[in-house]
*Asks:* 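Once you've had a glance at the structure underneath, I'll fire off some questions.
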Amino acid sequence: MDRLTLLKFQKDIWQIARQIPAGKVATYGQLATLVKPPATVAADTYKAFAARWVGGAMAACPEDVPWQRVVNSQGKISDRPGSQHQRQLLENEGVVFDAKGKIDLNRFGWKP
DNA sequence: ATTATGACTCCCA
DNA sequence: GTGGGAGCCATAA
């Protein structure tokens, strides 16, 4: 996976992420299935690691990407510095967290 | 060149 | 439903 391919991959991720409406969330794995896997990556490899690459893309995303609407497969916000802010942003958009800090993906999950 | 680490997911206890 | 380990890529040190 060369630098250029990775860059294009990130760009695809961001494009998808920008389509998530306010008040809805998508998972890393979901974004991974929506974008076109790079031809240089084997299918099983992609399946196993795409989510991490999505995470990397989120870490480097531009200002106009709603990164806060991307959560992990359990519907929880990934534990990291700033996650508190992320939760607040989502609550402002109407997303509801349960007592365990989890989002009901059946209600708030984004369906493209 | 080698090592450690990660905004994850799957599978099995 | 929760918790811990494996998976095996890319990046930073």
Side-chain angles (χ1 to χ4, degrees):
Chain A
M1 195 103 173
D2 57 292
R3 190 112 171 56
L4 188 67
T5 306
L6 187 62
L7 211 63
K8 279 196 332 189
F9 178 75
Q10 288 187 333
K11 215 178 55 166
D12 288 342
I13 296 285
W14 297 333
Q15 200 141 42
I16 300 289
R18 273 188 274 256
Q19 296 175 28
I20 307 175
K24 298 280 180 148
V25 298
T27 68
Y28 294 92
Q30 184 177 9
L31 292 186
T33 60
L34 290 175
V35 301
K36 187 165 56 67
T40 59
V41 180
D44 51 348
T45 298
Y46 181 78
K47 182 183 163 195
F49 282 86
R52 290 195 158 187
W53 294 337
V54 173
M58 288 297 106
C61 71
E63 284 292 325
D64 63 332
V65 175
W67 56 270
Q68 72 271 22
R69 304 195 188 116
V70 182
V71 299
N72 63 27
S73 66
Q74 301 180 9
K76 288 196 291 197
I77 294 177
S78 302
D79 187 19
R80 67 180 168 71
S83 58
Q84 207 165 6
H85 180 223
Q86 177 174 7
R87 172 171 175 156
Q88 185 129 42
L89 287 174
L90 289 175
E91 286 178 335
N92 287 344
E93 295 178 351
V95 176
V96 176
F97 293 76
D98 68 10
K100 293 165 194 147
K102 213 155 63 172
I103 300 170
D104 184 358
L105 291 178
N106 289 321
R107 288 208 308 157
F108 299 106
W110 175 53
K111 292 159 190 77

*Asks:* Would you tell me if any nitrogen or oxygen in the side chain of A/K100 comes within less than 4.0 Å of OP1 or OP2 on C/dT2?
*Replies:* yes

*Asks:* Can you measure A/I77 atom CD1 to B/dC8 atom P for me and round it to whole angstrom units?
*Replies:* 12 Å

*Asks:* Grab the two heavy atoms, one from A/Q30 and one from A/P112, that are nearest each other, plus how far apart they are.
*Replies:* NE2-CD, 3.7 Å

*Asks:* What pairs of nitrogen or oxygen atoms, one from the protein and one from nucleotides 9-13 of chain B, lie under 3.5 Å apart?
*Replies:*
from: B/dT9; atom 1: OP1; to: A/Y28; atom 2: N; distance (Å): 3.4
from: B/dT9; atom 1: OP1; to: A/G29; atom 2: N; distance (Å): 3.0
from: B/dT9; atom 1: OP2; to: A/S73; atom 2: N; distance (Å): 2.7

*Asks:* For the backbone of A/A32 and the side chain of A/Y46, can you confirm whether one donor and one acceptor N or O come within less than 3.5 Å of each other?
*Replies:*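 It does hold such a pair.
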
*Asks:* Do any N or O atoms of the protein come closer than 3.5 Å to N or O atoms of nucleotides 9-13 of chain C, and which pairs are they?
*Replies:*
from: C/dA10; atom 1: OP1; to: A/M1; atom 2: N; distance (Å): 3.2

*Asks:* Taking side-chain contact (heavy atoms from CB on, under 4.5 Å) as the criterion, tell me which of A/I13, A/T5, A/D12 meets it with A/F9.
*Replies:* A/I13

*Asks:* Over how many whole Å does the gap from A/K76 atom NZ to C/dG1 atom C1' extend?
*Replies:* 10 Å

*Asks:* What is the distance from atom CD of A/Q15 to atom CD of A/Q10, rounded to the nearest 0.5 Å?
*Replies:*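 A/Q15 CD to A/Q10 CD: 13.5 Å, rounded to 0.5 Å.
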
*Asks:* For A/L90, does its backbone N or O pair with a side-chain atom of A/Q68 as donor and acceptor, under 3.5 Å?
*Replies:*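 The answer is no, because no donor-acceptor pair under 3.5 Å joins these two groups.
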
*Asks:* Could you state the atom-to-atom distance from CD1 of A/I13 to P of B/dA7 in whole Å?
*Replies:* 16 Å

*Asks:* Any side-chain to backbone donor/acceptor pair from A/E93 onto A/R69? Under 3.5 Å, distance only.
*Replies:* no

*Asks:* From A/K76 NZ over to A/S83 OG, what is the distance, rounded to the nearest 0.5 angstrom?
*Replies:*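 It is 12.0 Å, given to the nearest 0.5 Å.
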
*Asks:* Is the backbone N or O of A/A57 less than 3.5 Å from a side-chain atom of A/W14, with the two atoms forming a donor-acceptor pair by type?
*Replies:* yes

